[in-house]
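Read the structure below first, then the notes.
Note: hydrogens, waters and symmetry copies are ignored here, and every other heavy atom, side chains too, is used.
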Amino acid sequence: MSLVVQKYGGTSVGDADRIRNVARRVIAAKEAGNDVVVVVSAMGDATDDLIKLAHQITDSPNAREMDVLLSTGEMVSSTLLTMALENMGYKTISLSGAQAGIQTDSNYSHARIQSINPSRIVAEIKNGNIVIVAGFQGITKNNDITTLGRGGSDTTAVALAASLGASVCERYTDVEGIFTADPRVVPNASKLKEISYDEMLELATYGSKVMHPRAVEIGQIYNVPILVASSFNDRPGTLIHGGLMEIQNKVTAITQDMDVAKITIVGVPDTPGIAASIFEPLAKTGISVDTIVQNASIQNITDLTFTVTKGDAGKALQMVRPIAEKVGARECVADTKLAKVSIIGSGMQNTPGYAATMFSTLFAAGINIQLITTSEIRITVIITDDKANEASKALHKAFALEK
């Protein structure tokens with residue numbers, strides 16, 4: 001008998017009928033001869049509603065209490081699913097993240113899993129139970145509840161699959177799998193049968209919201225295959241795995257990220273330690289910096305540009321301005337109307353021509369490139385956000401991904 005971990009997103013458990021639909025899917029997996037562990041997200045917009053409610057009480061909610069509050073969303077959906085399964089005649093038990101043995105660090109709202117003790121889950125499985133685990137949460141060594149950040153239920157599911165030695169982690173949501181582009185932007189995007197961990201990690205990091213990057217990382221480290229499929233039909237999904245795949249097209253997918261802001265420090269003295277003085281304070285306050293570009297200096301003066309999320313732009317600019325003044329830079333400017341568009345594919349490694357095709361396609365569409373960043377399997381351009389959809393469509397066609 002194999003063990004399967006299933007994860008259901010917020011839309012999949014959005015109301016009573018959908019919870020009953022999930023219960024039937026869980027039963028089907030059980031009746032197929034599997035031990036089943038299920039991880040659930042909060043129902044629908046429950047997490048957003050709790051955040052709004054907290055901010056109606058106070059402008060600055062206590063971080064610890066906020067995590068306790070937000071953890072209740074997953075507890076609601078896990079207990080309701082347990083009730084549905086019991087009503088259908090199946091032994092089931094719900095567990096919080098703490099009861100499931102998920103220990104995290106103390107970084108409230110963005111905690112990372114440090115260890116998992118699955119003994120309680122294993123005992124419940126041996127007792128004949130289907131085990132329902134509240135995702136998105138864990139507990140510190142001091143017994144404080146923490147949450148794992150947006151998409152944290154994905155991380156819970158894959159981490160549990162790794163610790164339990166599951167044959168697969170099935171991630172069910174309102175989309176049918178991983179596509180060559182966002183179907184809402186590129187209507188003729190094709191669903192991928194399979195994708196590598198490396199490619200999926202780049203997609204998740206650079207715009208795709210289907211999987212959380214941390215979940216993909218854990219899957220890759222522990223070699224846990226992840227199936228992404230719809231909870232509303234039985235069509236085949238996309239398998240994320242590390243096996244060798246026959247490469248039909250060197251570019252696998254196009255992705256875009258609309259949450260981009262650029263900050264440029266103009267006229268920076270080109271001397272040792274300047275970059276450290278700028279980026280260390282940002283790191284200490286939890287502001288994640290992505291693309292960094294420094295121009296070649298002229299007479300020991302240069303411009304330094306970096307990107308952050310739009311939500312962090314104001315805070316980052318406030319922090320950087322006094323530093324820039326102190327080191328003698330001329331000014332700091334920000335642009336929040338930007339987007340990233342990327343082409344991604346393992347087959348691009350050591351193969352010339354893909355950058356040229358990308359750039360010529362954007363040129364033909366009249367789209368100006370502001371910044372470029374690359375990895376071995378990705379080329380990303382930063383452009384104005386009003387051109388992002390047009391760029392994705394043009395690149396999807398240029399690389400024949402609809403085929």
Side-chain angles (χ1 to χ4, degrees), residues 7 9-10 39-42 46-55 57-75 78 95-118 133-163 201 204-206 209 211-222 257 259 261 276 278-290 306-316 318-320:
K7 187 266 176 177
V39 175
V40 289
S41 296
T47 301
D48 289 335
D49 292 341
L50 289 171
I51 292 172
K52 290 177 184 176
L53 184 59
H55 283 278
I57 301 296
T58 173
D59 291 334
S60 302
N62 177 279
R64 178 190 180 277
E65 302 309 320
M66 195 70 176
D67 272 16
V68 175
L69 173 67
L70 297 185
S71 71
T72 62
E74 280 68 22
M75 293 298 296
S78 63
L95 300 176
S96 67
Q99 291 170 323
I102 299 171
Q103 187 171 102
T104 74
D105 60 24
S106 300
N107 187 16
Y108 294 114
S109 80
H110 294 91
R112 291 175 74 90
I113 296 173
Q114 293 185 324
S115 65
I116 296 179
N117 179 355
V133 178
F136 179 62
Q137 61 186 256
I139 194 166
T140 70
K141 62 182 180 181
N142 294 323
N143 294 323
D144 286 322
I145 293 172
T146 55
T147 63
L148 308 180
R150 287 294 188 177
S153 292
D154 285 354
T155 306
T156 301
V158 179
L160 283 176
S163 67
L201 185 56
T205 303
Y206 285 87
K209 306 301 182 185
M211 281 292 299
H212 192 275
R214 181 61 182 150
V216 181
E217 285 179 347
I218 294 172
Q220 183 172 31
I221 291 169
Y222 294 99
D257 181 359
D259 190 16
I278 292 169
F279 294 115
E280 282 182 357
L282 295 175
K284 288 178 180 178
T285 55
I287 295 177
S288 179
V289 175
D290 185 24
F306 61 92
T307 61
V308 295
T309 63
K310 290 179 179 179
D312 283 338
K315 184 177 179 182
Q318 286 180 349
M319 293 184 65
V320 167

- request: Report the residues that fulfil ring pair (Phe, Tyr, Trp, His ring centres under 6.0 Å) with Tyr206, sequence neighbours left out, ordered by chain and then residue number.
  value: none
- request: Specify the closest pair of heavy atoms between Val320 and Phe306, including all atoms of both residues, with the distance to one decimal.
  value: CG2-CZ, 3.9 Å
query: Looking at side-chain heavy atoms only, is the closest gap between Thr104 and Gln114 below 4.5 Å?
result: no
statement: Val133 and Ser96 have their tightest heavy-atom pair at CG1-O, 4.5 Å
- line: Contacts of Arg150 meeting side-chain hydrogen bond (donor to acceptor under 3.5 Å, both in side chains) (sequence neighbours excluded), chain-then-number -> Asp48
Inter-residue atom distance Ile139.CD1 - Ile145.CD1, 0.5 Å rounding: 6.5 Å
message: So which atom in Ser153 and which in Lys7 form the shortest heavy-atom distance, rounded to 0.1 Å?
response: CB-CE, 3.5 Å
- prompt: Would you find a donor on one side and an acceptor on the other, under 3.5 Å apart, between the side chain of Asp105 and the backbone of Arg112?
  reply: yes
- prompt: Can you check whether Met211's main-chain N or O pairs, donor with acceptor, with Asp154's side chain at less than 3.5 Å?
  reply: no
- prompt: Considering the options Thr146, Thr155, Leu160, Val158, which one meets the side-chain contact (heavy atoms from CB on, under 4.5 Å) requirement together with Ile113?
  reply: Thr155
- prompt: So, Gln103 side chain and Ser115 main chain: donor-acceptor pair closer than 3.5 Å or not?
  reply: no
query: What pair of heavy atoms forms the shortest contact from Val68 to Thr72, and how long is it?
result: O-CG2, 3.5 Å
- prompt: Just by distance, with hydrogens left out, do Ser106 and Lys141 show a side-chain donor and acceptor under 3.5 Å apart?
  reply: no
task: Ignoring hydrogens and angles, state whether a donor on the side chain of Thr147 or Asp67 is under 3.5 Å from an acceptor on the partner side chain.
output: yes
query: For Gly101, does its backbone N or O pair with a side-chain atom of Asn117 as donor and acceptor, under 3.5 Å?
result: no
statement: Heavy-atom closest pair (Met66 atom, Pro61 atom, distance to 0.1 Å) is SD-CB, 3.7 Å
field: Test item: Thr58 side-chain N/O and Ala54 main-chain N/O as donor-acceptor pair under 3.5 Å
entry: no
message: For Tyr222, is the OH atom crowded, meaning more than 12 foreign heavy atoms sit under 6.0 Å from it?
response: no
query: Side chains of Asp144 and Arg64: closer than 4.5 Å at any heavy-atom pair?
result: yes
statement: What one should report as the nearest heavy-atom pair of Ala42 and Thr47 is CB-OG1, 3.6 Å
- prompt: Rounded to the nearest 0.5 Å, what separation is found between the OH atom of Tyr108 and the CD atom of Glu65?
  reply: 8.5 Å
query: CD/Glu217 to OG1/Thr205 distance, rounded to the nearest 0.5 angstrom?
result: 7.0 Å
- request: Report the distance from atom CG of Leu70 to atom CG of Leu148, rounding to the nearest 0.5 Å.
  value: 11.5 Å
